[in-house]
Amino acid sequence: MKRFQVWLLALMLVFPSLAQAAVTDEFAVSNGVTYTEIVEDGTVPQSIRVMEIDATDPYTKVEAGVPDPLNKLVQTSKQALAASEEGHEVIGAINGSFFNREPMPLYFVAIDNYLVNGGMVESSADEFVSQMIAFGMNKNGKGQIDQYSTQFTYSHNGATGTMAGHNGQRHPNTTMVYTPNFSAGVTTTNPYGYEVIVVGAGDPSLRFGESLTGKVIGFRPYGEAKGAAIPKDGFVLSAHGTEAEALSQMKIGDTVSVSVNVDEKWQGADFMIGSGPMLVKDGKVALTMNPNSPKAREKAPRTAVAIDQTGDKVAFITVDGRQSGYSTGMSLSEFAAYIQSLGYDRALNMDGGGSTTMLAREPGDFTATIQNKPSDVWGERPVSTFLMAITTAPKGVPTTINAVLSSGAALSIGESVGVKIDSIMDEYGNPVKVENVAITSDLGTVSGTTFTATKAGTGFISVKKGTAEVRLPVTVKAAPENKASLLDSFEESGWSVSPVKTVAYDGSHSLKVDSTAQPAQPIALSGSPTLVSMRVYGQADGAQITGTFLDAKGVSHNASFGTVTWNGWKYVSVPVQSSWTKLSALSVTKPGVYMDALKSVYGTSYKEELFRDVPVGFRAETDIASLVNQAVISGFPDGKFQPQTTLTRVQAAIMLQRAMKLPVAGVKNPGFTDVPATYSSYGSIAAVAEAGIMFGRADGTFDPQAQLTRAEMAAVLKRALELPEAEKNYFPDNYAGTFSYSSINALAASGITQGFPDGTFRPREPIKRADFSIFLNQGLEKN
């Protein structure tokens, strides 16, 4: 990493406008190859990639490749895939040098000491290649960027002649040799020369320092428009002007040899790729091209190969371009200055533009893939030559595992986190298949690659294959105690049925369930709750309520919230098993059950308020709860009980009818003028009247909305509970001769009431809902 920091500093000095340089990606492709991506986000955005290859690594090689057949263009990624095999894997690549329309390599190419293409050299310094310069790996296994020279000769009857080149353009007064590699299959020379056709050479490939020998079988004389066909086992000698005389001396059956050699510094090289211009030499910018020519000045994608002073380090370098906002591209002078700032000793330009392509094998991948963004709108461009980084390393044992957790946040008991295994590598930097990996932890369980916390603490999740292991830190929070966490208030649509406003305990909506309701996604039960609770508004109709829970393996479990034996809102809950992680459905056996305030409850001492206005510890809490459980009393649709509201006569009638379990069907009409048979609570009023518990007024009315006084409460409770007469007076404000005198004393004698702290009973005061609940429930318990 330090080297790249130095590079970035140097780049900022060379290109001040690109001072936002940042290494955005960096990884080891293998033990001998590293890949780095550098992005410039300044006023001139650039995206640069550098692949550095250590030629001293025993299992790392740099090679060159060409399509088969040679007169074909193939994308770099496809050529790399075709060249890769077991024990010889392409782990990185860039496009090579230029090509022409035939299509053939435009410049010099030699592989394994064989001449693939003699190519050409431009005469103008405004062109990319005006000097004979090549990149290759020399016989000492080092990268080499240098001038080269070739010697092409032919011999006939003891005489030797020189040739200008191989499979290139025949210029005036020169001789050229054409082999089967020439794409046209025939010489494409003009008719103003003389050509000799030779066969019987066997493999017609030209090898440096060796001869290719065959016999003459024919000629193409001066003036013949049709080019000579190149035999598959031979070659064609083509001469013009002053050079044609020597060829005209050859006769059918004569033996002719051709040979090619290269200067000594290149002899024995693994390969040579001719290109240009030279960008850097001896650590300095050294363009072998006119920097002011249009091709040099253009801001374009570029590809280059570079070496350090020893030749032990080889670098493939690309910069993308022609893509506004992403990468502008560089002129050749800028590209050379950039490479020089990276510290390389020599660099040679390769084909650029739409041909610029960089491949690298990412950690864990088994093939090299494109890393840059080629500029052609249709994608990667087919090319002629390409350069490869090769690994020949054997397959070893796993030594390194790269893995991360899907979240680094602390977990609650019951929560899960995914383990993502990015790659497993052996000691040679080869990828290993991500299989048979053991994932374990003392703080929870693992299913596949999912860890679920079951124990509080700080520890690790071990990811192991063979001797390779990585320990991922994980923290599991202790389960909260004696609290509740809201899971859903049903204010928004997130279930298979929509929320309604008919009744609501929390907020303005509840969930009306007629059969089964499912959330869009199962609701996670974080923190390992003790209970799952909710408020249920029922009609005492016996509907059974069931929750469906999922465990860590996705198996469903049904648990009962109970049977609806109450009217109005009630708090219900179900114990949660430690393996349950999600709630996936709520079901009822009868339609019309309203649900609200779904919560997860932690600890064993948490207590929920009875109603929104009946807090924990309220003086009448126990009595109200008892009557709610018996379906005697209920709250209001808004979740309140209104304990301090005075009780009406009709409310008292309803509660007494339910408490005494009086039937409402077939009861005698009490004849109250203000309670017709169509009245909503007619059945309850008629039932308590028929049972002799409540009477009407002297005017023949029942007066259902009138407040029930404490005196009336005492009278109806005495009759309902059939309490014995009691003449002893317990209260100074309970006067003899009143209709409730004996009833009030009966309540006191039975221990149902003690009056107020000042010793009074206050018979004329209206009874409140909370007080009536106390009297009624205690009376029911004592009777």
Side-chain angles (χ1 to χ4, degrees), residues 24-25 35 37-41 44-51 64-84 90 92-107 109 117 127-129 183 273 275-277 279 289 293-305 316-332 334-336 338-339 348-362 365 367-389:
T24 59
D25 197 8
Y35 167 87
E37 180 180 350
I38 305 168
V39 171
E40 310 293 346
D41 289 327
V44 183
Q46 303 285 15
S47 183
I48 302 127
R49 289 162 177 82
V50 179
M51 178 176 290
V66 294
D68 184 15
L70 186 63
N71 61 336
K72 181 180 181 182
L73 299 181
V74 181
Q75 293 169 327
T76 301
S77 59
K78 291 183 178 179
Q79 294 197 60
L81 187 63
S84 191
V90 179
I94 55 172
N95 62 286
S97 189
F98 302 82
F99 52 90
N100 56 29
R101 297 179 181 178
E102 273 66 23
M104 285 283 289
L106 193 55
Y107 303 118
V109 180
N117 187 65
E127 301 297 332
F128 290 110
V129 180
S183 61
I273 296 287
S275 193
L279 300 172
M289 179 182 185
S293 66
K295 292 181 180 179
R297 290 200 316 267
E298 181 188 3
K299 305 282 189 179
R302 304 287 183 185
T303 302
V305 61
F316 296 164
I317 304 170
T318 64
V319 57
D320 283 336
R322 300 174 181 166
Q323 299 177 70
S324 177
Y326 160 65
S327 190
T328 304
M330 296 182 182
S331 69
L332 280 177
E334 290 172 335
F335 196 38
Y338 176 80
I339 296 174
L348 183 65
N349 184 61
M350 293 285 145
D351 191 7
S355 298
T356 291
T357 306
M358 168 80 80
L359 275 66
R361 186 183 71 182
E362 297 186 24
D365 286 353
T367 58
T369 54
I370 296 177
Q371 301 298 315
N372 73 313
K373 296 181 181 179
S375 63
D376 286 347
V377 293
W378 54 83
E380 184 186 1
R381 179 182 294 182
V383 297
S384 183
T385 58
F386 73 114
L387 296 169
M388 301 171 281

Verify side chain to side chain contact (heavy atoms under 4.5 Å, CB included) between Leu332 and Glu334, making sure each step is shown before the conclusion. CA-CA 5 Å; Leu332 280 177; Glu334 290 172 335; over 6 Å; no
Worked verdict on Arg302 versus Asp320 for salt bridge (charged side-chain N to carboxylate O under 4.0 Å, His left out): CA-CA 7 Å; Arg302 304 287 183 185; Asp320 283 336; over 6 Å; no
Is the shortest side-chain N to carboxylate O distance from Arg381 to Asp376 below 4.0 Å? yes
Decide yes or no for [X] and [Y]: does some side-chain heavy atom of the first lie under 4.5 Å from some side-chain heavy atom of the second?
X      : Y      : value
Glu127 : Lys295 : yes
Thr318 : Ile94  : yes
Val383 : Val74  : no
Thr328 : Glu40  : no
Ser327 : Pro45  : no
Arg322 : Pro301 : yes
Ile339 : Ile317 : yes
Ser375 : Gln323 : yes

How far apart are the C-alpha atoms of Val319 and Phe335, what are their side-chain angles, what is the distance that settles it, and do they pass the side chain to side chain contact (heavy atoms under 4.5 Å, CB included) test? CA-CA 8 Å; Val319 57; Phe335 196 38; 3.8 Å; yes
About how many Å separate [atom2] of [Y] and [atom1] of [X], when rounded to the nearest 0.5 Å?
X      : Y      : atom1 : atom2 : result
Asp25  : Arg49  : CG    : CZ    : 8.5 Å
Asn349 : Phe128 : CG    : CZ    : 6.5 Å
Phe99  : Asn117 : CZ    : CG    : 13.5 Å
Asp41  : Tyr326 : CG    : OH    : 11.0 Å
Leu359 : Thr369 : CG    : OG1   : 6.5 Å
Phe386 : Ile273 : CZ    : CD1   : 10.0 Å

In chain order, what residues pass the salt bridge (charged side-chain N to carboxylate O under 4.0 Å, His left out) check against [X], with sequence neighbours excluded?
X      : answer
Asp351 : none
Lys78  : none
Glu362 : none

Do Thr357 and Asn95 have a side chain donor and acceptor closer than 3.5 Å? no
Between Pro103 and Leu73, which heavy-atom pair has the shortest distance, and what is it?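 Closest heavy-atom pair between Pro103 and Leu73: CB-CG, 3.6 Å.
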Evaluate Ser384 against Met104 for side chain to side chain contact (heavy atoms under 4.5 Å, CB included), listing each step before the verdict. CA-CA 7 Å; Ser384 183; Met104 285 283 289; 6.0 Å; no
Derivation and outcome, side chain to side chain donor-acceptor pair (under 3.5 Å), residues Glu380 and Ser77: CA-CA 8 Å; Glu380 184 186 1; Ser77 59; 2.7 Å; yes
Ser97 vs Ser275, side chain to side chain donor-acceptor pair (under 3.5 Å): CA-CA, chis, key distance, verdict: CA-CA 6 Å; Ser97 189; Ser275 193; 3.1 Å; yes
List the steps and the verdict of side chain to side chain contact (heavy atoms under 4.5 Å, CB included) for Tyr35 and Met358. CA-CA 10 Å; Tyr35 167 87; Met358 168 80 80; 4.2 Å; yes
Quick one: does Glu37's side chain have a donor or acceptor within less than 3.5 Å of a partner on Ile48's backbone? no
